[in-house]
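Throughout, a chain's letter reflects where its sequence line sits, starting with A, and its residues are numbered from 1.
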Amino acid sequence: MEPPTLPTDADVAALHAACLDWYGQNARDLPWRRTYATPWHVMVSEFMLQQTPVVRVLPMYEAWVERWPRPADLAAEPVGEAIRAWGRLGYPRRAMRLHECARAIVERHGGEVPEDRDQLRALPGVGEYTSAAIAAFAYGRRHAVLDTNVRRVLSRAITGNEHPPRTLTRPERVLAERLLPASPPVAARWSVAVMELGALRCSATAPDCDRCPLRTHCAWRRTGYPAHDGPPRRAQAYAGTDRQCRGRLLGVLRDSDGPVAGSELRRAWDDHAQRERALDSLVADGLVEPLDGDGFRLPR
DNA sequence: TACACGTGGAT
DNA sequence: TATCCAAGTGT
């Protein structure tokens, strides 16, 4: 929703001070925030963090950056190795796209992750959020970073709604730009600070307002925590879906060293029509390679 | 603009 | 147990 009015300069300054100060005292020591983390490391972390919690990303991130410390190292591998190494992080197309990114970075950018927002945005799997995050966190560029955490914090603190709109809106972008500090490095720190606040205090289901640095500024708190109004957020069914079937089938491929016979995949999922449909879609997506006879493997 | 796309922990 | 949701992107 559009805020009634944009915050004043004094409001903005107070928000900056409260949030940046809190971050200085409460930031988690995450490996991709260390000074020795390269832009490539930041990129790997951002791909893994798309819809996946930090605690599950941590061990996979460490394994990836150790095995493939530069884009060229991953680009030299078959895509199937990236898919296998993705393990059970979920959404394995991210692994495929990150591998495509590595090859594009080698071919088009001399092996270095680009700094420019538009060049980043042109890479596969890099959208509005991820391009801004890499430019800001890896290179200190000044871009509004609007992930689900930032959107929720701004929705509550400024707009007064428990939840942001279902999809990112123009007013949200205007507000985020209004709040972005003028100095590029400070803007980047502000963005990661608001994200951290959304993750550690202003969480979706259990906000810890008593320990929130914005508690004296927060519009949602000031108005008595009005419940979310608007359409209920659609639950995502999973059991019995094509997604579950795809995950099961890919898991068999991932856990096998070589090719897998059709008979083995048949044992992994009973519903014949659904299994065939899922397999076709995995092949169409490039996540699975059909062999000439009867068999499948991770793509080379 | 909705919907598809994995997985597992929390409530 | 069922539902929610976690640093989104592509179509």
A/W40/A/W68 aromatic ring centres below 6.0 Å: no
Euclidean distance, atom CG of residue A/D147 to atom P of C/dG8 [Å, nearest integer]: 6 Å
Sugar-phosphate only, base, or nothing, as touched by A/V126 at under 4.0 Å among non-hydrogen atoms: sugar-phosphate
Check: A/R142 side chain, A/L180 main-chain N or O, donor-acceptor pair, under 3.5 Å: yes
Sugar-phosphate only, base, or nothing, as touched by A/Y238 at under 4.0 Å among non-hydrogen atoms: base
Main-chain N/O of A/M48 paired to A/R94 side chain as donor or acceptor, under 3.5 Å: yes
Donor-acceptor pair present, A/T52 side chain and B/dG8 base, under 3.5 Å: no
Length of the line joining A/Q51:CD and B/dG9:C1', which is rounded to integer Å: 15 Å
A/T148 vs C/dA6: side-chain N/O to OP1/OP2 distance below 4.0 Å: yes
Separation of A/L49 CG from A/W32 CH2 (nearest 0.5 Å): 5.0 Å
Presence of donor-acceptor pair under 3.5 Å, side chain of A/R243 and base of B/dG6: yes
A/Q274 and A/D242 side chains, donor-acceptor separation under 3.5 Å: yes
Sugar-phosphate, base or nothing in reach of A/G90, heavy atoms under 4.0 Å: base
Touch class at under 4.0 angstrom, heavy-atom based, for A/R56 against every strand present: base
For A/T130, the option from A/E46, A/R121, A/Q50 that meets side chain to side chain donor-acceptor pair (under 3.5 Å): A/Q50
Distance, rounded to the nearest Å, where A/H163 contributes NE2 and C/dC4 contributes P: 11 Å
Between P of C/dA7 and CG of A/L98, the distance in whole Å: 19 Å
Side-chain N,O (A/R94) to OP1/OP2 (C/dT9) below 4.0 Å: no
Touch class at under 4.0 angstrom, heavy-atom based, for A/W86 against every strand present: nothing
A/R246 side-chain proximity, nearest of C/dT9, B/dG6, C/dG10: B/dG6
Distance, P atom - from B/dA4 to C/dC4, rounded to whole angstrom: 16 Å
Over all atoms of both residues, closest heavy-atom pair of A/S131 and A/G127: OG-O, 2.7 Å
Phosphate OP1/OP2 of C/dT9: any A/T130 side-chain N/O under 4.0 Å: yes
Close residues, residues 248-266 of chain A, relative to DNA chain C [heavy-atom separation under 4.0 Å]: none
5'-most by nearest nucleotide on DNA chain C - A/P124 or A/F137: A/F137
Set of salt bridge (Lys or Arg N to Asp or Glu O under 4.0 Å) partners for A/R56, sequence neighbours left out: none
Rounded interatomic separation in angstrom, taking CG from A/L49 and P from B/dG8: 17 Å
Sugar-phosphate only, base, or nothing, as touched by A/L30 at under 4.0 Å among non-hydrogen atoms: base
Rounded distance in Å between the P positions of B/dC5 and C/dA7: 23 Å
Length of the CH2-C1' vector between A/W190 and C/dA7, whole Å: 17 Å
Residue-phosphate contact under 4.0 Å: A/R151 side-chain N/O, C/dG8 OP1/OP2: no
Interatomic distance, A/M195 CE vs C/dA6 C1' [rounded to whole Å]: 11 Å
5' precedence on DNA chain B between A/G87 and A/T205 (nearest-nucleotide basis): A/G87
Sugar-phosphate only, base, or nothing, as touched by A/Q244 at under 4.0 Å among non-hydrogen atoms: nothing
Residue closer to the 5' end of DNA chain C, A/R93 versus A/A204 (nearest nucleotide): A/A204
Beyond-backbone contact of A/R201 with A/P207, side-chain heavy atoms, under 4.5 angstrom: no
Nucleotide B/dC5, atom P - distance to CG of A/L89 in whole Å: 19 Å
Touch class at under 4.0 angstrom, heavy-atom based, for A/R28 against every strand present: base
